[in-house]
Amino acid sequence: MKKKVILLSILIVVCAICFIPFTHQKTILIKASFFNVYLQIAKPDNWKKWQPDVSAAWKKDSTQVKISKHNFGFGISAPNINLNVKNVDGVVFDTEKSIDGKSIEYSYILLPGT
């Protein structure tokens, strides 16, 4: 009985860990002016130049890529991909991306260099 309780406890802990979201932070130094980097993120047409998923969809069939503008941001959609970008306060761009039904949320935070 005691072994069953211990095994059940371990199983519950392992299952709980699988559902805990995690945060990953990465800093990238871009050797370009703040304004140029801002324009690359703020304009949806520029995403095809640097964002791999959007670029792949654009190369596959550009007629299937749709750009929609909404309050404080924009959306990019193509078969199997949906991307929504919201400019929160001028330097933070919250991004929601869904590819083949799998969703991920992340932010781009622009900080001017010294």
Side-chain angles (χ1 to χ4, degrees):
M1 179 68 173
K2 191 174 181 179
K3 289 182 182 182
K4 288 182 182 180
V5 171
I6 292 172
L7 184 59
L8 183 61
S9 299
I10 291 172
L11 183 63
I12 290 172
V13 170
V14 169
C15 288
I17 289 173
C18 292
F19 293 103
I20 296 174
F22 68 92
T23 301
H24 177 75
Q25 183 175 347
K26 185 174 184 178
T27 302
I28 300 171
L29 176 64
I30 301 172
K31 294 184 179 184
S33 73
F34 177 84
F35 183 71
N36 286 342
V37 174
Y38 179 87
L39 288 178
Q40 289 298 312
I41 294 177
K43 292 188 176 183
D45 287 331
N46 290 334
W47 282 58
K48 65 184 174 190
K49 298 176 188 174
W50 62 270
Q51 213 286 339
D53 300 316
V54 175
S55 178
W58 201 274
K59 288 176 184 174
K60 186 174 182 181
D61 186 0
S62 63
T63 62
Q64 294 291 314
V65 179
K66 306 294 181 207
I67 296 174
S68 60
K69 296 188 179 184
H70 46 37
N71 290 345
F72 306 108
F74 58 87
I76 301 173
S77 61
N80 301 326
I81 182 171
N82 189 21
L83 184 77
N84 285 305
V85 180
K86 182 178 177 185
N87 188 336
V88 178
D89 63 0
V91 295
V92 176
F93 292 84
D94 285 340
T95 306
E96 296 175 6
K97 181 168 54 173
S98 176
I99 298 177
D100 296 326
K102 297 178 183 176
S103 297
I104 185 171
E105 295 179 10
Y106 53 93
S107 297
Y108 294 102
I109 303 170
L110 304 179
L111 300 172
T114 54

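Heads up: numbering here begins at 1 and tracks the sequence.
- Evaluation of the salt bridge (charged side-chain N to carboxylate O under 4.0 Å, His left out) test over residues 61-89, restricted to residues two or more places apart or in two chains, returns none.
- Here the CG-CG distance, from D45 to L39, works out to 12.0 Å after rounding to the nearest 0.5 Å.
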(message) Working note: S107 + D94, criterion side-chain hydrogen bond (donor to acceptor under 3.5 Å, both in side chains); need CA distance, chi angles, decisive distance, verdict.
(response) CA-CA 4 Å; S107 297; D94 285 340; 2.5 Å; yes

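- The salt bridge (Lys or Arg N to Asp or Glu O under 4.0 Å) check on K97 picks up D53, with sequence neighbours excluded.
- In this structure, I30 CD1 and L110 CG are separated by 7.5 Å, a value rounded to the nearest 0.5 Å.
- Residues I81 and V54 share a closest heavy-atom pair of CD1-N, 4.2 Å.
- Note on ring orientation: taking the six-membered ring where Trp is involved, the planes of Y108 and Y106 are perpendicular (angle over 60°, cut-offs 30° and 60°).
- Checked against side-chain hydrogen bond (donor to acceptor under 3.5 Å, both in side chains), N84 has no partners two or more places apart in sequence or in another chain.
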(message) Let's go through T95 and L83 carefully: what are the C-alpha distance in whole Å and the side-chain angles of both, what is the deciding distance for side-chain contact (heavy atoms from CB on, under 4.5 Å) to 0.1 Å, and is it a yes or a no?
(response) CA-CA 7 Å; T95 306; L83 184 77; 3.5 Å; yes

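- Clustering ILVMFWY residues whenever any of their side-chain heavy atoms sit less than 4.5 angstrom apart, transitively, puts L29 in a cluster other than the one holding Y38.
- The aromatic ring centroids of F93 and F74 lie 6.0 Å or more from each other.
- When all heavy atoms of I76 and P44 are compared, the pair lying nearest together is CD1-O, 3.8 Å.
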(request) Would you sort out whether W47 and V85 count as a side-chain contact (heavy atoms from CB on, under 4.5 Å), showing the intermediate values? (result) CA-CA 11 Å; W47 282 58; V85 180; 3.6 Å; yes

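- I41 and W50 get closest at one heavy-atom pair: CG1-CZ2, 4.1 Å.
- Atom NZ in K60 sits 13.5 Å away from atom OG in S55 (nearest 0.5 Å).
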